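Reviewing the structure listed below.
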Amino acid sequence: MTSETPDHDLIPMPVRTGGPHRGGFPLDHRTTLSAAPGTETTERWLRTTLGAAFALPLRTPVDGDDAPGIRLRLDGTLAPEAYRLDVLADRAVEITGGGPAGVFWGAQTLRQLLGPEAFRKAPTRNGPPVALAARTIEDAPRFGWRGLLLDVSRHFMPKDDVLRYLDLLAAHKLNVLHLHLTDDQGWRIEIERHPRLTGVGARRARTKWGHRASPLWTETPHGGFYTHDDIREIVAYAADRHVTVVPEIDLPGHAQAAIAAYPELGNADVVDTAALTVWDTWGVNPNVLAPTEAVLRFYEGVFEEVLDLFPSPFVHVGGDECPKDQWEASPAAQARIHELGLADEDELQSWFIRHFDRWLAARGRRLIGWDEILEGGLAEGAAVSSWRGYAGGIAAAEAGHDVVMCPEQHVYLDHRQAPGEDEPVPIGYVRTLEDVYRFEPVPPGLAPEAAAHVLGTQANVWTEVMENRSRVDYQVFPRLAAFAEVAWSALPAPEARDHADFERRMRAHYRRLDALGVDYRPPTGPRPWQRRPGVLGRPLEGAPPNV
Ligand code: ACM
């Protein structure tokens, strides 16, 4: 056996560990894999993942076969995402989950116990790969919503990279991928009944390079979109990893790509919408949807296709950063406010959101939107993604609405991860690895009834300054490891968290990320190729702190 595996470097940290006890379990070519009904996703995942990493057959045992093996089973007395992992010396590795997801999270723990080689796609050395020390682990997540938002609009993320991110989420026991599919700078999902959304809206002619105040541009077109089959593949791949993909179609703001494709969606009485193109710079865009029945019908058509593709109980409708200037100036919008008996433009925004709240509810889905949807009155069934801090989430939870906490001050991973100007694009709040480790999703003082409405937490990655996968990796890692522990593990209050122990465990985790080929930020700062030359990423004189 080539190594005794450590039992104390797991991330996220499990609830309870026992052992190591005497003896161990050798994983080798004789090891069998048996899966009780309901655990097939994990069986498949273990064969493809550990089977590839260690070149093992992991054959299914035949009757009477008592070769040592990995056994997967369900125990309905455990919570659906809870699991128990027993390594029994020389006999078996038993993973018992409350539901299929619990078994899968147990398998993720098993992979970490097997050392960094378990994160490769082929073996790097010969011989029996590894032995596990006998032990017991009992574990369950703190939150049911443990998410990452990927903004695939500002920079398109090719499908294979999305699949890779699903693997990275699963490796950290995260279970929600929020896909920000539409924005001013690009529409990224095929909608068959409105082909110009991708025909026109998925491509922009050029792109602001780096910070929004940068004077530089990339003068090459940028684009891409997912076909229906691409989405089906992403959703199925996610489901196999017990990850829910929450689609976001942003309205009534962040809509310039859609308006460029279909000018009648915009406020054509105050702006020449036919002259609009897919936006080529960053910031909050004034071109918002017109409050007409035709626009509602258009977006219902969009959502019909979205619902066919995404089984997620929640559908995100955006609702953030919708400037009201065009509605204030537009005689048509003003007439609409009057006709609907609304007080002002804020209520017009609520009118949009309430419409889709009812429309989604009638189809058995739930609406979730950014915290601006509180302005002008929160729709009845709406859940809130609290991004401008905790306040929106607190107000929504106290009013009995479900909340996902993703405050930009803490978990916006596009923001710089070290002070100073050495980060590739040093924008936003400084949030170090330790800061993220000390992030607390439930604000102190929130009454228990309101706190029960905090479904969980989410880290958001906006990609204005991340034009490829390496740039995304750099911003996301290692901070996603700290975030995963916050979302999964029952950590004490922020000041009482054992950050030194987390750092110690991170030493093993960096080796896992190396094996996975993640281009993370090393503790010593950016590697030479992770820097940006010259002025490109530097904040310019007078630039606001956030893009
Ligand atoms: C957001 O960051 N505008 C949700």
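Start at 1 and go down the list; that is how both ligands and their atoms are numbered. Everything numeric here is computed off the predicted structure, so don't read it as measured data.
No hydrogens or angles considered: nothing links the side chains of Q475 and E423 as a donor-acceptor pair under 3.5 Å.
By the 30° and 60° cut-offs, the orientation of the rings of W359 relative to F303 is tilted.
An N or O contact shorter than 3.5 Å is missing between H254 and ligand 1 by distance. At least one N or O atom of Y412, backbone or side chain, sits closer than 3.5 Å to an N or O atom of ligand 1. Residue contacts with ligand 1: E321 is placed with a nitrogen or oxygen under 3.5 Å of a nitrogen or oxygen of the ligand (distance criterion only).
With hydrogens left out, the protein atom closest to atom 3 (N) of ligand 1 is D320 OD2, 2.7 Å, a heavy atom.
Atoms of ligand 1 found under 4.0 Å from any heavy atom of W462, numbered from 1 in the order shown, are 1 (C), 2 (O), 4 (C).
Within the 4.5 Å cutoff, side-chain heavy atoms of E345 are placed close to those of E328.
A salt bridge between R196 and E264 is absent, with no side-chain N of the basic residue lying under 4.0 Å from a carboxylate O of the acidic one.
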Evaluate the criterion salt bridge (charged side-chain N to carboxylate O under 4.0 Å, His left out) for residue pair R164 and D161; output intermediate values, then yes/no.
CA-CA 5 Å; R164 174 175 172 270; D161 290 340; 5.6 Å; no

